[in-house]
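What you see is a predicted model, and the numbers here were worked out from it, not measured in a lab. Order of the sequence lines sets the chain letters (A, B, ...), proteins ahead of strands, with each chain counted from 1.
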Amino acid sequence: MSVLVKKEEIRLLSGNEAISRGAFEAGVKVASAYPGTPSTEILENFVRYEGVYAEWAPNEKVAVEVAIGASMGGVRALATMKHVGVNVAADPIFTASYTGVRGGLVIVTADDPELHSSQNEQDNRHYAVAAKIPMLEPSDSSEAKEFTRLAFELSEKYDTPVFLRTTTRISHAKGVVRLDEPSVPAFAPGFTPDPAKWVMLPVNAKRRHVVVEERTKALREFAETWEGNRIEWGDRSLGIVTSGVSWQYVKEAFPDASVLKIGLAWPLPERLFLEFAAGVSRVVVVEELDPHLETHVKALGILAQGKELIPIVGELDPRIVRQAITGESIPARAPETVPSRPPNLCPGCPHRGLFFALKKLKVTVTGDIGCYTLATLPPLGAMDSCICMGASIGNAHGMEKALGPDGAGKVVAVIGDSTFLHSGVTGLMNVVYNRGVSTVILLDNDITAMTGAQQNPSTGKTLHGEPTRRTDLPALCRALGVEHVYTVNPHDMKRTEALLRREVARREPSVIITKAPCALLPEHRRQKRPVYEVIADLCTGCKACSRLGCPAIEWVPFTPDEAVAAGKKATQRGIARISPLLCDGCNQCPPLCKFQAILEKKP
Amino acid sequence: MSVPKGDVFLAGVGGQGTLLASEVLCDAFLLSGFDVKKSEVHGMAQRGGSVTTHLRFGPKVFSPLIEPGKADLLIAFEKIEALRFAHYLRPGGAMVVNAQEIFPPSVATGQERYPQDVAERLRAVTDRLHMVDALAAALSMREVRAVNIVLVGAASHFLPLPEAVYEEALKARLPEGIVDVNVRAFRAGRALLQPA
Ligand code: SF4
Ligand code: SF4
């Protein structure tokens, strides 16, 4: 990718690409993140610019701490994460609000209304209020880039970290963006000791709190006059207060209405709200998720409608907005009823073998966040809980303590390599320390898979693609005090099952590392492997292989006549078939067939 | 002459290459001077689930999402997915549907049959239904992964852009080694249908 561009070059960029461009133009030198949908592509794109440093941190808290350190060191710094990542990073963020910055410091929170790829639908605008940190909220890719640049300027001018909040439809929607030249830093890097600012002893922090309150006042004044918060006067009978992607839906659904567009989600411009309300006969606040703008509009005594009309759950779109405000429903064809198509583990996914074996053990499985969470779905149905990154181990330990001796050998925790390093390590430390007996299964597929194959501390490569030392997972577990650490290839389901049975029964903590690469890794895909096929004459239709839930294994149903025509008993309900386009040759299904009907396909 | 505008809805199964197809379409519109927005979801759905792309072009586009009943063109990479999102099509809109069947889990595990009446039900939605066998076309080029660009080729008849601009977009978007096969896939797809 060529990065130095001619002036006024136009590109079609996703919100995430636009943010990375904005960060580059703003002269960001250090960026750190933990991958998480919908934020992942920001750093993946940023790292391609020349002269920048970017890294995957083991978790969001570390990412923010790195960015704070870089800011102290006098350069502009960026940390990006998905909405729930801010929960993990909240500790440093709340105090960075007090210290302020040296180089501009921007934290991107990418929220996920509609939970396209998340475990909750939290609205992170609350964090801006709670941490007293200003928050910019772009409405499209072009603003995503402009607001990112502005965020760094505000950060340095007001001595504060700045949040940039996107939602999935900003991060992953593409729009036209005009590129600009990168700016030159206003000062040289270097750390100037200043304990009153950087050392948050109570005595210093107390004084910084006063500074924070003054800063919020100043930013509120900025909010009143900044053109990103603006009134677009139109028909005065309807006035809509909105922000973020909802602004686009409002412009689409009500092109003639008066609109107050809010680009700074915190602090909010009170005089502007009052001016707007005075100019229109009806005020409606249109925002996704929580009534953030609405609460503050109403606190000013403005009679406004909000969540009584606009859904608090899920995403909006122009149609929802139009119906909510006018009450009219435009007739549209009802959706057809068709078989649902939830996501599934890939053909050849190593996790499938493990969960198939686990299901046979009839144990309770506390789960975690990753592709393997999909093992909850039928036919595997082999995961019983999923709360947040790293929760599986603590959950298993807690459940065992609750069940007492009756629970021994009945609970296992399942966690991926990247998730374990993110926040499972302390959970395992706790098991050992507090005399737990949990069996922890560490699914090591050599990548952070769910978010689209990112490196992590155990994969041996950095975000820049350089080789690096790996965290040695078995050695780490042993160092935590786990004596029983074993590695197995989960495609070999027989051995996996035997090992599981032995370790689950053990009255001591143990870790089983299931090691095999993610089926989507390019290194894996380049390898030649056989494709398997079901020999129709041998298949009795017992469905033993179907229970694996591999997308490549298809069921061909028979009517009694069709069965007879195929040379089967009239009672045979169908046969299995393997799609040669999908089969990854993992060899998990052949041993499941008692009739030896699944064989390597002859080329 | 006023610049035309339109909404194109793409539906498929995670892993079928809908992302690249929509990228190429967007580039083609951008090269032709349109404002374009597109929206799609990454992450979990990409693991074999239903995936959609909303693509909108015109002189100025606001919402990145298409409303149900407003799409001018539905490009479906799989038959069930065509039906699942058929209600996004406007009355009289066109549909280009890949005849390929990819079994969803309930069908693959034998709990229900793959619906046998997809074509009839689609025809009830629009008489501008065009079924194409993009998989066969891709396989005949020995490149299964080109199904997506074959479909772009077939669908191009229903979009207001000259043929050359798609090839320009492919050249700009793809690594050199695979430009050729994809240009051929585009042409093969375009040859599957008559000009609208
Ligand atoms: S991406 Fe990798 S880890 Fe995820 S389901 Fe597919 S094979 Fe399994
Ligand atoms: S060998 Fe069997 S389980 Fe593995 S990918 Fe092929 S069909 Fe699926």
Top contributor to chain B contacts, counting heavy-atom pairs under 4.5 Å, from D317(A), L12(A), I170(A), L548(A): L12(A)
Counting heavy atoms not belonging to [X], are there more than 12 under 6.0 Å from its [atom1]?
X       : atom1 : value
R145(B) : CZ    : no
R525(A) : CZ    : no
E120(B) : CD    : yes

Could you tell me which portion of [X] (side chain, backbone, both or neither) has an atom closer than 4.5 angstrom to a non-hydrogen atom of chain B?
X       : value
L316(A) : backbone
V250(A) : neither
R573(A) : neither
E41(A)  : side chain
K174(A) : both
A552(A) : neither

Can you tell me how far the [atom1] atom of [X] sits from the [atom2] atom of [Y], to the nearest 0.5 Å?
X       : Y       : atom1 : atom2 : result
L581(A) : Q100(B) : CG    : CD    : 7.0 Å
R47(B)  : M450(A) : CZ    : CE    : 4.5 Å
R333(A) : T126(B) : CZ    : OG1   : 9.0 Å
S39(B)  : Q248(A) : OG    : CD    : 11.0 Å
T168(A) : E40(B)  : OG1   : CD    : 12.5 Å

Contact winner vs chain A - R90(B), K38(B), Q111(B), heavy-atom pairs under 4.5 Å: K38(B)
What part of [X] is in contact with chain A, defined as an atom under 4.5 angstrom from a non-hydrogen atom: side chain, backbone, both or neither?
X       : answer
V125(B) : both
P115(B) : side chain
T109(B) : both
A124(B) : backbone
V36(B)  : both
L83(B)  : both

Shortest non-hydrogen separation from R319(A) to P68(B) and the atoms involved: CD-CD, 3.6 Å
Counterpart residues, side-chain contact (heavy atoms from CB on, under 4.5 Å), relative to I369(A) (two or more places apart): Q119(A), C386(A), M389(A)
Pairwise salt bridge (Lys or Arg N to Asp or Glu O under 4.0 Å) hits with a residue in residues 55-65 of chain B, at least two apart: E252(A)-R56(B), D7(B)-R56(B)
Check: R322(A) and E67(B) side chains under 4.5 Å, non-hydrogen atoms: yes
Pairwise side-chain contact, P64(B) with Y249(A), heavy-atom cut-off 4.5 Å (strictly under): yes
N/O donor-acceptor pair under 3.5 Å between R341(A) side chain and I102(B) backbone: yes
Test side chain to side chain contact (heavy atoms under 4.5 Å, CB included) applied to P105(B) and P342(A), S340(A), P339(A), the passing residue: P342(A)
